[in-house]
A.B. asks: 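This is the structure, below, for whatever I ask next.
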Amino acid sequence: MENLVIYGGAFDPVHNGHLRIAEAASLRLNADVVFVPTHKPRWKEASASDEDRVKMLKIALRKAKNPSFTISLCEMERNEDETYTIDTLHYFQKKYPDRQLVLLIGTDQVNAFPKWKNADEIASIANIVYVDRPGYEPDKAVVKKYKMKSLGFSESGEVSSTSIRELRYLDLPGAILDYISSHHLYYMKTLETYLDGRRLEHSISVAELAYAIAYRNHIPNPGRAYIAGLLHDVAKRLPDEKARAIMKEKFSDYRKIPTFVWHQFTGAKVVEDVFKIDDPTVLDAIEFHCTGRAEMDEIAMIIYAADKIEPTRGWDSARFIKMCLADYEKGFIEVLRANREFLTKKGSDPNSISWTRECFEYYLGGNADGLSKKS
Ligand SMILES: [Fe+2]
Ligand SMILES: [Fe+2]
């Protein structure tokens with residue numbers, strides 16, 4: 001009998017961890033996998049609508065290009081306040097009488113399983129396979145009683161739907177990030193209280209470009225570039241009084257710092273306080289996106305460059321974008337060089353801000369190749 005894996009969940013939103021688990025289940029159990037998004041999760045409120053969650057799931061599966069993956073809307077279509085796994089299993093039993101059903105659950109669900117409605121019947125209809133999750137120890141008695149088996153796969157990564165909704169750790173297809181931003185889901189709702197219109201469009205564009213540059217350059221956890229890009233200008237419209245208060249707190253001699261630069265510092269503070277992001281790489285990239293500084297790390301260099309060259313800026317930056325996608329360090333140096341020329345032409349003194357002066361000196365030297373100076 002051919003196996004059919006039933007993979008239920010809120011998928012709020014679906015992420016690469018889900019896809020890796022489904023891939024492993026398909027291979028290890030030699031099975032087709034059907035994703036069954038819940039209508040209304042029993043344990044937590046979903047923050048995206050049924051419609052949005054399904055659309056994101058469809059995008060993810062289209063990108064995954066695995067012919068074994070399908071989606072069933074049977075739980076959503078039942079449209080009941082409470083959805084029970086036993087009803088879902090009856091549905092699949094009727095639909096595929098010649099298939100062996102396999103119910104895929106998380107280790108965190110193992111210990112609560114005896115309390116599920118008709119737990120004995122569930123175990124008699126389907127083989128129950130659980131996915132190991134760090135920090136959860138399955139109760140051996142429960143495992144034995146319901147003849148549960150481990151999938152033997154624990155490499156789904158540290159991503160979770162919560163870490164995405166809270167903009168802490170993004171490991172999901174880029175097309176879903178695009179969906180979230182264009183449909184105003186999750187973190188976008190908070191961001192949109194700070195930015196709108198052209199400024200929001202610019203921030204999304206920086207995020208997308210920064211992510212693409214990080215991804216194409218094989219930088220670990222490219223989601224950090226997306227987060228920093230999306231939030232880099234969050235404080236651009238902070239009321240004067242608030243901005244002044246933050247600057248006063250952070251820099252006693254803040255009056256010497258030109259006001260157009262303030263938002264990089266106040267932005268980092270908003271990101272820390274409001275978005276609860278404590279990743280020093282992300283905070284640092286935001287804190288110096290405008291001035292640059294000496295010894296920037298890879299994400300900071302990418303944000304600096306992406307901010308200047310993102311395609312909605314209104315100038316022909318295609319050459320720089322191409323360069324950054326191929327080699328972010330070389331691209332960054334060229335953007336920096338072009339920016340110094342631009343500032344000089346504009347008549348502003350690039351040396352008037354100490355961080356900028358140090359950045360130019362460190363990476364561009366006299367007119368030498370900044371890369372060799374850096375290494
Ligand atoms: Fe900025
Ligand atoms: Fe910007």
A.B. asks: Which atom names give the shortest non-hydrogen contact between Pro173 and Leu19, and what distance separates them?
C.D. replies: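 Minimum heavy-atom separation between Pro173 and Leu19: CG-CD1, 4.2 Å.
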A.B. asks: What's the separation between atom NE2 in His15 and atom CE in Met56, rounded to the nearest 0.5 Å?
C.D. replies: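 CE of Met56 is found 11.5 Å from NE2 of His15.
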A.B. asks: Are the side chains of His90 and Ile125 in touch, meaning some heavy atoms are under 4.5 Å apart?
C.D. replies: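 Yes, close enough: below the 4.5 Å cut-off.
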A.B. asks: For a quick check under 3.5 Å, do Glu158 and Ser163 share a side-chain donor-acceptor pair by atom type?
C.D. replies: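 Side chains of Glu158 and Ser163: no pair found under 3.5 Å.
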A.B. asks: Establish, yes or no, whether a centroid distance under 6.0 Å links the rings of Tyr84 and Trp116.
C.D. replies: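 Distance test on ring centres: not under 6.0 Å, no.
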A.B. asks: Examine distances only and state if a side-chain atom of Arg165 and a backbone atom of Asp12 form a donor-acceptor pair shorter than 3.5 Å.
C.D. replies: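 Checking the backbone N and O of Asp12 against the side chain of Arg165, a donor-acceptor pair under 3.5 Å is found.
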A.B. asks: Sort out for me which residue in Tyr130, Phe35, Tyr7 forms a side chain to side chain contact (heavy atoms under 4.5 Å, CB included) with Leu104.
C.D. replies: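 Looking at Tyr130, Phe35, Tyr7, the match for Leu104 under the side chain to side chain contact (heavy atoms under 4.5 Å, CB included) is Tyr7.
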A.B. asks: What distance do Ile122 atom CD1 and Leu101 atom CG have between them, rounded to the nearest 0.5 Å?
C.D. replies: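 Reported to 0.5 Å precision, the distance equals 11.5 Å.
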A.B. asks: Is there a side-chain contact between Thr344 and Arg340 (heavy atoms, below 4.5 Å)?
C.D. replies: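 Yes, side chains in contact.
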A.B. asks: Taking the six-membered ring for Trp, are the ring centroids of Phe332 and Tyr363 within less than 6.0 Å of each other?
C.D. replies: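 Between Phe332 and Tyr363, the centre distance is under 6.0 Å.
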A.B. asks: Looking at Asp98, I'd like to know if its CG atom is crowded, meaning that more than 12 non-hydrogen atoms belonging to other residues, nucleotides or ligands lie closer than 6.0 Å.
C.D. replies: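 Enclosed.
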A.B. asks: Under 6.0 Å between ring centres: does that hold for Trp355 and Tyr304?
C.D. replies: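 They do not qualify: ring centres at least 6.0 Å apart.
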A.B. asks: Do the side chains of Leu283 and Ile302 join up, straight or via other hydrophobic residues, at under 4.5 Å, putting them in one cluster?
C.D. replies: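 Looking at the clustering, Ile302 is in a separate group from Leu283.
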A.B. asks: Taking the side chain as everything from C-beta on, heavy atoms only, tell me whether Asp32 gets closer than 4.5 Å to Val5.
C.D. replies: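 No, too far: nothing below the 4.5 Å cut-off.
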A.B. asks: Do the side chains of Phe11 and Ile21 join up, straight or via other hydrophobic residues, at under 4.5 Å, putting them in one cluster?
C.D. replies: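 They do share one cluster, since a chain of ILVMFWY contacts under 4.5 Å joins Phe11 to Ile21.
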A.B. asks: Any salt bridge between Glu23 and Arg20, counting N to O under 4.0 Å?
C.D. replies: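 Salt bridge: no.
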A.B. asks: Which pair of non-hydrogen atoms, one from Cys359 and one from Met296, has the smallest distance, and what is that distance?
C.D. replies: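 Minimum heavy-atom separation between Cys359 and Met296: SG-SD, 4.2 Å.
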A.B. asks: Give me the atom names and distance for the closest heavy-atom approach of His18 to Pro13.
C.D. replies: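 Closest approach of His18 to Pro13: CE1-O, 3.7 Å.
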A.B. asks: Name each donor-acceptor pair under 3.5 Å that joins a side chain in residues 212-223 to protein atoms two or more places apart or in another chain, with its distance.
C.D. replies:
residue	atom	partner	partner atom	Å
Asn217	OD1	Tyr328	N	3.0
Asn217	ND2	Ile213	O	2.8
Asn217	ND2	Cys324	O	3.0
Asn217	ND2	Leu325	O	3.4

A.B. asks: Assigning hydrophobic clusters by single linkage (Ile, Leu, Val, Met, Phe, Trp, Tyr; side-chain heavy-atom cutoff under 4.5 Å), is Leu103 placed with Leu29?
C.D. replies: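 They do not share one cluster, since no chain of ILVMFWY contacts under 4.5 Å joins Leu103 to Leu29.
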A.B. asks: To the nearest 0.5 Å, how far apart are CZ in Phe275 and CZ in Arg168?
C.D. replies: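 Between atom CZ of Phe275 and atom CZ of Arg168 there are 14.0 Å.
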A.B. asks: Same hydrophobic cluster for Leu177 and Leu191, using side-chain heavy-atom links shorter than 4.5 Å among ILVMFWY?
C.D. replies: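 Linked within one cluster.
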A.B. asks: Please step through side-chain hydrogen bond (donor to acceptor under 3.5 Å, both in side chains) for the pair Tyr169 and Asp279, ending with a clear verdict.
C.D. replies: CA-CA 10 Å; Tyr169 187 80; Asp279 182 340; over 6 Å; no
A.B. asks: Checking side chain to side chain contact (heavy atoms under 4.5 Å, CB included) for the pair Ile105/Val110: CA distance, chi angles, key distance, verdict?
C.D. replies: CA-CA 7 Å; Ile105 62 174; Val110 168; 4.1 Å; yes
A.B. asks: Examine Ile309 and Leu364 and state if one hydrophobic cluster contains both, with Ile, Leu, Val, Met, Phe, Trp and Tyr joined whenever side-chain heavy atoms are less than 4.5 Å apart.
C.D. replies: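 Yes.
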A.B. asks: Is a donor on one side and an acceptor on the other found under 3.5 Å between the side chain of Gln100 and the backbone of Leu4?
C.D. replies: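 No: the side chain of Gln100 does not pair with the backbone of Leu4.
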A.B. asks: Decide yes or no on side chain to side chain contact (heavy atoms under 4.5 Å, CB included) for Phe265 and Glu287, but give the supporting numbers first.
C.D. replies: CA-CA 5 Å; Phe265 300 111; Glu287 200 161 329; 3.5 Å; yes
A.B. asks: Looking only at the side chains, is there a donor atom on one of Asn111 and Asp139 sitting less than 3.5 Å from an acceptor on the other?
C.D. replies: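 On atom types as modelled, these side chains do not qualify, holding no pair under 3.5 Å.
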A.B. asks: Do the side chain of Thr107 and the main chain of Pro138 share a donor and acceptor less than 3.5 angstrom apart?
C.D. replies: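 Between the backbone of Pro138 and the side chain of Thr107 there is no qualifying donor-acceptor contact (under 3.5 Å).
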A.B. asks: What distance separates Thr190 OG1 from Lys276 NZ, expressed to the nearest 0.5 Å?
C.D. replies: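 Between atom OG1 of Thr190 and atom NZ of Lys276 there are 11.0 Å.
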A.B. asks: When rounded to the nearest 0.5 angstrom, what distance separates CD in Gln109 from OH in Tyr136?
C.D. replies: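 With rounding to 0.5 Å, CD (Gln109) is 10.0 Å from OH (Tyr136).
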A.B. asks: Which side-chain N or O atoms in residues 227-251 pair as donor and acceptor under 3.5 Å with protein atoms at least two apart or in another chain?
C.D. replies:
residue	atom	partner	partner atom	Å
His232	ND1	Gly229	O	2.7
His232	NE2	His202	NE2	3.2
His232	NE2	Asp307	OD1	3.1
Asp233	OD1	His263	NE2	3.0
Asp233	OD1	His289	NE2	3.1
Asp233	OD2	Arg199	NH1	3.0
Asp233	OD2	His202	NE2	3.4
Arg237	NH1	Asp196	OD1	2.3

A.B. asks: Among side-chain atoms of Thr312 and Glu310, is any donor-acceptor pair under 3.5 angstrom?
C.D. replies: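 Short answer, yes.
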A.B. asks: Tell me which pairs pass side-chain hydrogen bond (donor to acceptor under 3.5 Å, both in side chains) where either residue lies in residues 317-326, with sequence neighbours left out.
C.D. replies: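 For residues 317-326, and leaving out neighbouring residues, there are no side-chain hydrogen bond (donor to acceptor under 3.5 Å, both in side chains) pairs at all.
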A.B. asks: Are any of the side-chain heavy atoms of Leu200 and Met188 separated by less than 4.5 Å?
C.D. replies: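 Contact flag for Leu200/Met188 side chains = yes.
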A.B. asks: Could you walk me through whether His183 and Glu51 pass the side-chain hydrogen bond (donor to acceptor under 3.5 Å, both in side chains) check?
C.D. replies: CA-CA 11 Å; His183 291 78; Glu51 194 195 345; over 6 Å; no
A.B. asks: Between the side chains of Asp297 and Arg224, is the shortest nitrogen-to-carboxylate-oxygen separation below 4.0 Å, so that they form an ion pair?
C.D. replies: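 Looking at Arg224 and Asp297, the cut-off is not met.
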A.B. asks: Of the options Met301, Lys308, Lys330, which is the one that meets Val335 in a side chain to side chain contact (heavy atoms under 4.5 Å, CB included)?
C.D. replies: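 Exactly one pass, corresponding to Lys308.
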A.B. asks: Apply side-chain hydrogen bond (donor to acceptor under 3.5 Å, both in side chains) to His184 and Glu192, showing your working.
C.D. replies: CA-CA 8 Å; His184 320 281; Glu192 285 166 22; 2.8 Å; yes
A.B. asks: Determine, for Lys55 against Asp52, whether the closest basic-nitrogen to carboxylate-oxygen distance falls under 4.0 angstrom.
C.D. replies: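 Looking at Asp52 together with Lys55, the answer is no, because their closest N to O distance does not fall below 4.0 Å.
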A.B. asks: Nearest heavy-atom pair of Gly17 and Val159: which atoms, and what distance?
C.D. replies: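 Between these two residues, the closest heavy atoms are N-CG1, 3.6 Å.
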A.B. asks: What I want to check is whether the side chains of Thr88 and Glu75 have a donor and an acceptor closer together than 3.5 Å.
C.D. replies: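 The criterion, which ignores hydrogens and geometry beyond distance, is satisfied for Glu75 and Thr88.
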A.B. asks: Looking at every non-hydrogen atom in both residues, tell me the closest pair between Ile286 and Gly267 and how far apart they are.
C.D. replies: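 Shortest heavy-atom contact: CG2-C, 4.0 Å.
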A.B. asks: Between Lys147 and Asn127, is any pair of side-chain heavy atoms under 4.5 Å apart?
C.D. replies: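 Contact flag for Lys147/Asn127 side chains = no.
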A.B. asks: To the nearest 0.5 Å, tell me how far Arg99 CZ sits from Gln93 CD.
C.D. replies: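 One gets 14.0 Å once the value is rounded to the nearest 0.5 Å.
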A.B. asks: Is a side-chain donor or acceptor of Ser205 paired with a backbone partner of Glu201 at a separation under 3.5 angstrom?
C.D. replies: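 Checking the backbone N and O of Glu201 against the side chain of Ser205, no donor-acceptor pair under 3.5 Å is found.
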A.B. asks: Distance under 6.0 Å and angle within 45° of the ring axis: does Arg293 meet both against Phe288?
C.D. replies: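 Yes, Arg293 and Phe288 form such a contact.
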A.B. asks: Taking all atoms of both residues into account, what is the closest heavy-atom pair of Val129 and Ser150, and its distance?
C.D. replies: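 Val129 and Ser150 have their closest heavy atoms at CG1-C, 4.2 Å.
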